[in-house]
Amino acid sequence: MQIANYLCRMLIVEQLQKSTVESLTALFSQTFTEKDFQVNQTKPEFEGDYTVVLFSLVKSLKLSPGDIGNKLGKHLIENNPSLFTQYNIIKGFLNLTVADAYWMEVLQKNYTDVCFGKKQMNGKKVMVEYSSPNTNKPLHLGHLRNNFLGWSVAEIFKASGYDVIKSCIVNDRGIHICKSMIAWQLFANGATPQSTNTKGDHFVGEYYVKFNDEYKKQVEELITAGKTKDEAEKEAPIMKATQQMLLDWEAGKPGTMELWQKMNSWVYAGFDITYKTIGSDFDKMYYESNTYLLGKKIVEEGLQKSVFNKEADNSVWIDLTEDGLDKKIVQRKDGTSVYMTQDIGLAQQKYEEYKIDQSIYVIGDEQNYHMKVLKLIAEKLQLPNAKNIYHLSYGMVELPTGKMKSREGTVVDADDIVDEMKKVAQEKTEELGKVKDFTVDELTTLYHTIGLGALKFFLLRVDPKKKMIFNPEESIDFHGFTGPFIQFNHARIKSILRKSIVNGESSIVSGELSVISGQSSAVFLPLEKELIVALEQFPTIIQQACDEMNPSAIAIYVYNIAKIFSSFYNEHSIANAETEDKKQLRLHLAAMTANVIKSGMGLLGVEVPERM
RNA sequence: GGACCGGUAGCUCAGUUGGAUAGAGCAUCAGCCUUCUAAGCUGAGGGUCAUUGGUUCGAAUCCAAUCCGGUUCACCA
């Protein structure tokens, strides 16, 4: 991969920090570090681009903020004339204006560089586990948040120089799967997805629903017959049959295995379609049917190390009361391993297979406790990867009416919502009538790009940690802080760039951007300046998103870029700029904006169209 | 009850890790298409940052207490 040009130079914030440390050290003959002061972007109401906050220096220097600011400002400009041109001090804030030549250079070097903001490979490996579906029902809105998050975090890590392995653990066995299987045996009469023309995962999901209906019915019947609720739930024939089926499965009974494989294959066929539609992909699949026996060795080791202890009934436990948690079972009295143990086994397997430096789990916040325990046990067992386990916990997706409940039919199905979004994209596009010359294929692609883009952006723009409300009406609004607004600005720039092509060549002069010497402070108008300052921050934002594992940082940033561009576009003409120099400058700004929008949206898994 | 998470405009969310007069979008109201794509732009109104106290030059941000909401504490996964 090509090394991004900007790496040759530090970002302006880093330059300013470094120069300030040097100037302070020279001026006051003490040692300083970057932590002794703060650098912020200057607020729009003041003159300048970046600001050094001086308050923290007052105490150690025993000087007033004004004195420090004047000395520092003067020294910074004298010693870095190519970077800083002027300063002013308001209260304790030293506002510095960055030389236009610096911004020109940023533009020239990066306006078409697809690697801008991305880092060189750092030799470290990260695994991101996400999606993790159950094979008894189709994906819903909550899974979409998980998929989009996991995929995006993986891309953000790649952009930050990591070797990333996307993995997925499929929960393909257990009592919930048997429920669908039993219901199919009872009610299907041999029906298949093919015979009913139903997508496989939806087909199997229908039988899961049928199971629950029948189970409820049987429980009620038993209660009317005089049983208690507990008894009824245990004795319902359909539940007993399901439990027997799980035993048959674990014993590898041929008929059961066949049915299991058949129904799972239907589900996988359905999942494949959904994953392809939403753009999820994985480098490594794990199946619980293969991993559920993992952990026995770990239990033995744990007993030897006295991390675990065995009860009289032969069950194995870990006591975490000293860590403020509870006692936790790690192996049943019949010798089978529980969820926790399997997870530790899988964690170790991941490490052994890939020697990963970090293992990220994208799992809902309901499992915060489980993941905390998992990590704690791994640490107590002194597994080599214990400290590298990280739970990327995200909040549930709720509807304005409250939580999604399958019983009340308020679960938003993944395929349905994607289709709905495409339909809305189509309606809005047709209303505007701007792409009447598109072929049918081009239109299909466009509706997909816009509809899915809107959905992804909507789910990714919120801090993952927080639970979010999915308001269907708001999500189909394509105005304001939305994916389509950003896509629109990209398309608009591309339109301008296409029109600037003369005789097959872009009218962007391929050589140097001209700098108007002698009056450099007048080169950038406020909105142009605002745009280039924001564009230069892209590398910082990617870094931040990676550190926090937070795609919303990218979403907010890209929206901000689009918004600044939109204001700029309305205020100043690009094609009919006042001078040829201005036109060149604005074409470059537009091109770099489009480049950053495309790149940033790419990190979110959102495509941007050339026209819309 | 214990642990963890959250409470910012009517609604949905930001808030650069303690800095300047707390910001966006939606919704409401008023303007702007003969001009590079109006899925747009400009402006207005809208706030006791849950409450109280503390820390200091300075608090939505840190600490303590209180109130409200959520998750979780299975020989389920």
Side-chain angles (χ1 to χ4, degrees), chain A residues 13 38-43 45-46 51 53-56 58-59 65 90-93 95 132 134 171 173-176 288 292 313 315-317 324-326 328-334 336 338-340 342-343 364-370 372-373 393 395-396 398 400 403 425 428-429 431-432 434-435 450 454 458 461-463 465-471 473-475 477-489 491-500 537 540-541 544 548 552-553 555-556 559-560 563 566-577 586 590 611-612:
Chain A
V13 173
Q38 204 174 54
V39 171
N40 295 336
Q41 192 175 343
T42 305
K43 302 258 175 199
E45 54 268 36
F46 304 103
T51 297
V53 185
L54 303 164
F55 295 109
S56 53
V58 170
K59 219 175 236 174
I90 295 167
K91 294 192 208 168
F93 300 90
N95 303 320
S132 309
N134 290 341
N171 300 304
R173 53 137 242 136
I175 195 84
H176 51 292
E288 201 199 323
Y292 85 107
D313 67 357
S315 60
V316 181
W317 295 75
L325 304 175
D326 305 301
K328 205 82 189 169
I329 190 160
V330 294
Q331 183 170 291
R332 297 189 187 96
K333 61 189 170 194
D334 62 7
T336 56
V338 294
Y339 178 42
M340 182 64 68
Q342 298 164 29
D343 263 11
D365 61 9
E366 312 160 298
Q367 300 209 35
N368 284 355
Y369 180 75
H370 171 79
K372 194 174 169 184
V373 171
S393 167
M396 296 291 105
E398 294 180 10
K403 290 186 177 175
K428 305 226 173 191
T429 304
E431 257 170 50
L432 294 169
K434 289 191 274 193
V435 287
I450 296 173
F458 190 87
R461 67 178 208 187
V462 183
D463 186 334
K465 287 193 294 290
K466 297 193 175 179
K467 77 170 186 204
M468 67 178 295
I469 313 273
F470 182 85
N471 186 332
E473 282 168 32
E474 208 176 292
S475 71
D477 187 357
F478 290 176
H479 304 270
F481 187 14
T482 66
F485 169 77
I486 298 165
Q487 292 172 323
F488 165 71
N489 276 288
R492 199 194 227 172
I493 293 169
K494 286 303 177 126
S495 169
I496 295 166
L497 295 179
R498 274 194 302 274
K499 286 181 180 163
S500 75
Q537 292 167 350
T540 313
I541 299 295
Q544 181 203 338
E548 297 172 2
S552 78
I556 292 163
Y559 169 65
N560 193 39
K563 202 156 65 89
S566 201
S567 296
F568 159 74
Y569 170 91
N570 265 271
E571 197 69 31
H572 307 294
S573 176
I574 296 169
N576 299 311
R586 289 178 189 166
R611 288 180 58 191
M612 67 185 277

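We name chains A, B, ... by the order of the sequence lines, and we start the count at 1 in each one. Side-chain atoms are counted along with the backbone in the values below, which use heavy atoms only and exclude waters and symmetry mates.
Taking atom CG of L325(A) as the reference point, atom P of G2(B) lies 15 Å away to the nearest angstrom. Rounding to whole angstrom units, NZ of residue K328(A) and P of U72(B) are separated by 12 Å.
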Structure string for RNA chain B in dot-bracket form, Watson-Crick and G-U at under 3.5 Å, | interchain: (((((((..((((.....[...)))).(((((.......))))).....(((((..]....))))))))))))....

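Nucleotide U17(B) carries a syn base; the chi torsion (O4'-C1'-N9-C4 or O4'-C1'-N1-C2) is within 90° of 0. C26(B) adopts an anti glycosidic conformation, its chi angle falling more than 90° from 0.
Among V338(A), I329(A), V330(A), the one residue that satisfies the side-chain contact (heavy atoms from CB on, under 4.5 Å) test with S315(A) is I329(A).
If you check C57(B), C76(B), A39(B) against the side chain of L432(A), the one that comes closest is A39(B). Here U37(B) is the nucleotide among U72(B), A20(B), U37(B) with the atom lying nearest to any side-chain atom of I496(A). Closest to the F55(A) side chain, of the nucleotides A39(B), G19(B), U37(B), is G19(B). Candidate nucleotides C75(B), A20(B), C36(B) were compared by shortest atom distance to the side chain of S315(A), and C75(B) ranks first.
Put simply, R173(A) has no side-chain N or O that comes within less than 4.0 Å of OP1 or OP2 on C76(B). Not one side-chain nitrogen or oxygen of R498(A) sits closer than 4.0 Å to the OP1 or OP2 atom of C36(B). Remark: K91(A) is not in phosphate contact with G19(B), judged by side-chain N or O atoms under 4.0 Å from OP1 or OP2. Of the side-chain N and O atoms in H479(A), one or more sit less than 4.0 angstrom from OP1 or OP2 of G40(B).
Using a 4.0 Å heavy-atom criterion, one finds that S566(A) contacts the sugar-phosphate atoms exclusively. Residue contacts for I493(A): at a heavy-atom cut-off of 4.0 Å it reaches no nucleic acid atom on any strand shown. Using a 4.0 Å heavy-atom distance criterion, T429(A) is classed as a base contact.
The residues R332(A) and D334(A) are annotated as not salt-bridged, no charged nitrogen and carboxylate oxygen being separated by less than 4.0 angstrom.
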Contact letters for nucleotides 6-18 of chain B, in which S counts primed atoms plus P, OP1 and OP2 and B counts the base, heavy atoms under 4.0 Å: -S----SSS-BB-

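A stacked arrangement is not assigned to F485(A) and the six-membered base ring of A39(B), the conditions of a centre distance below 5.5 Å and an interplanar angle below 30° not being jointly met. Once the 5.5 Å centre distance and the 30° plane angle are applied, the aromatic ring of Y569(A) is found not to be stacked with the base of G40(B).
Summarising the geometry of G364(A) relative to S393(A), their closest heavy-atom pair is C-OG, 4.4 Å, with the distance given to 0.1 Å.
Nucleotides of RNA chain B nearest to Y559(A) and F46(A) differ in position, and the one nearer the 5' end is that of F46(A).
A 4.5 Å side-chain heavy-atom check between R492(A) and N489(A) finds at least one atom pair inside the cut-off.
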